[in-house]
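Below is one structure; the comments refer to it alone.
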Amino acid sequence: MKLFRFPGALLVMYLLFANTVQVAAQDKWSLKRCVDYAMENNISIKQQDVQKRLAELALKQSQLSQIPSLGAGLNGNYNSGRSVNPTTYQFVTQSFFTSNASLSSQVTLFNWFSKRNTIAANAYQAQAGGFLLEKARNDVAFNIASTFLQILQNNEQVHVNETQLTLTKAQLSNTQKLVIAGSVPESNQADLEAQLARDSANLITAQNNVILSTLQMKALLNLGFEVPFQPEIPADISNIPLASLNEVDPEMVFSAATTTNPLIRADSLQIKAQERNVAANRGAMYPTLSLSASIGTSYANNVNEADPGKILGPFVDTLGLVNVNGTPYKVVSNPAYSFGTRKTPFNTQLSNNFQQGVGITLNIPIFNGWQLRANYKRSKLNLYNQQLTRDQDNQQLRQDIYTAHANAVAAIQKFYAASKGVDASQKAFDFATKRFNLGLMNTIDYITTQNNLFQAQINKVSAQYDYIFRMKLLEFYRDQKITL
């Protein structure tokens, strides 16, 4: 309610908001900005980064498994009825409380290098995880570049459709004047109105294609769909640097890709990891020697000891009678004294009951349901499967490169043909326009010539962007980089 009393505050807020909207509307997204943003926010990259960190955790855990284990235990029990006193090992019928504390450690002395092979396998897996993360980043960067090109192509098609629509409107306006003057029949106007409707529909389709490709880009960027996205359009798409076909020979590109492609390098590391897993599982089938040590003590609240402060006695026992001159005399023992009892102190019991132990254990696996041998055979099959995966990835990479090269050759030929088609269609349209304006060509033929030019321009734009995309794909296979 207070804001209505101060219209100046409303005006300031409006100006600030309007300025923010204007800045947001002018905010342009270059290809580099899109890639940098995706490296931090793309979901698939984040997922692969999680997999990499999991592999690193597995490596760290396997390394720490070489360190002796150390464990402590503390428990308390309340006993009632007849039970064994854990400190005196005698049966008693009473209620009492006991507690025990222990500390134990164990270390493996020899296990046929099973742990070391496991560590080496996890180290290779961690390195492979790094290359797979790099592959995920490269794939996202390339997908962003191709989508960015698609957005640019769709924008170019929007401009072509807008030009076509403007031209048709101008022709319709001129024809309407000629119809009013009685120079041309009304059918010419009707034909142009139908053409205007088709051009309007084509423009709407082109604009929708821009929206769809922009949504695809936002999904790759993990950008809010409500956030405005305006691509930074190059001044001249023909100035985008492209390698020549001689520089991207398919066999040369494949040779370079085998040393730079992250997936191929990850496959090599994963094969080494599986080889180490085979050795680790083979070692697990042999005896294991380990060393263990432990210390412990206990306490019970019903254990008593002599109390020097409580002397009981003297106690004299009659051993018999001795008759001396008819007079019987008792024979007694020497006076005996005893002490009273008290509960043994807590610290004293811990000291009295303290125990230590050291042991060596030889564990010999004899029969465990064929589990260890099955693990060994499974690891060998995993190794063979990983080798097949490497061969398949190499084969697929070679096929993709040769396919991309063939598509690039076809694309540049299509672009040259489309460029000639535009030149020829433009000349035909220019002649048709002059004849139409002089009344020497009917509307149907004129519209056909105009549509031919329009289609030729669309084909040229599509061929140009397709050629750029194919060449950039070959550059990506060769260098694992994408630039515009």
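As the structure is a computational prediction, the values presented were derived from the model and not from experiment. Heads up: numbering here begins at 1 and tracks the sequence.
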Would you say that [X] contacts [Y] through its side chain, given a criterion of any heavy-atom pair below 4.5 Å between the two side chains?
X      : Y      : result
His405 : Leu474 : yes
Leu133 : Ile45  : yes
Gln464 : Tyr467 : no
Phe131 : Ile264 : no
Asn277 : Asn382 : no
Asn100 : Thr297 : no
Met39  : Val140 : yes

(request) If the plane angle is over 60° it's perpendicular, under 30° parallel, otherwise tilted; pick one for Trp112 and Tyr286. (result) tilted
(request) Please check if the distance between the ring centroids of Phe469 and Phe142 is under 6.0 Å. (result) yes
(request) Using a strict 4.0 Å threshold on nitrogen-to-oxygen distance, state whether Lys60 and Glu56 make a salt bridge. (result) no
(request) Check Ser213 against Gln150 and note the closest heavy-atom contact, atom names and distance. (result) CB-CG, 4.2 Å
(message) If we count only N and O atoms by modelled type, under 3.5 Å, do the side chains of Gln396 and Asp400 hold a donor and an acceptor together?
(response) yes
(message) To the nearest 0.5 Å, what is the distance between CD on Glu475 and CG on Leu473?
(response) 10.0 Å
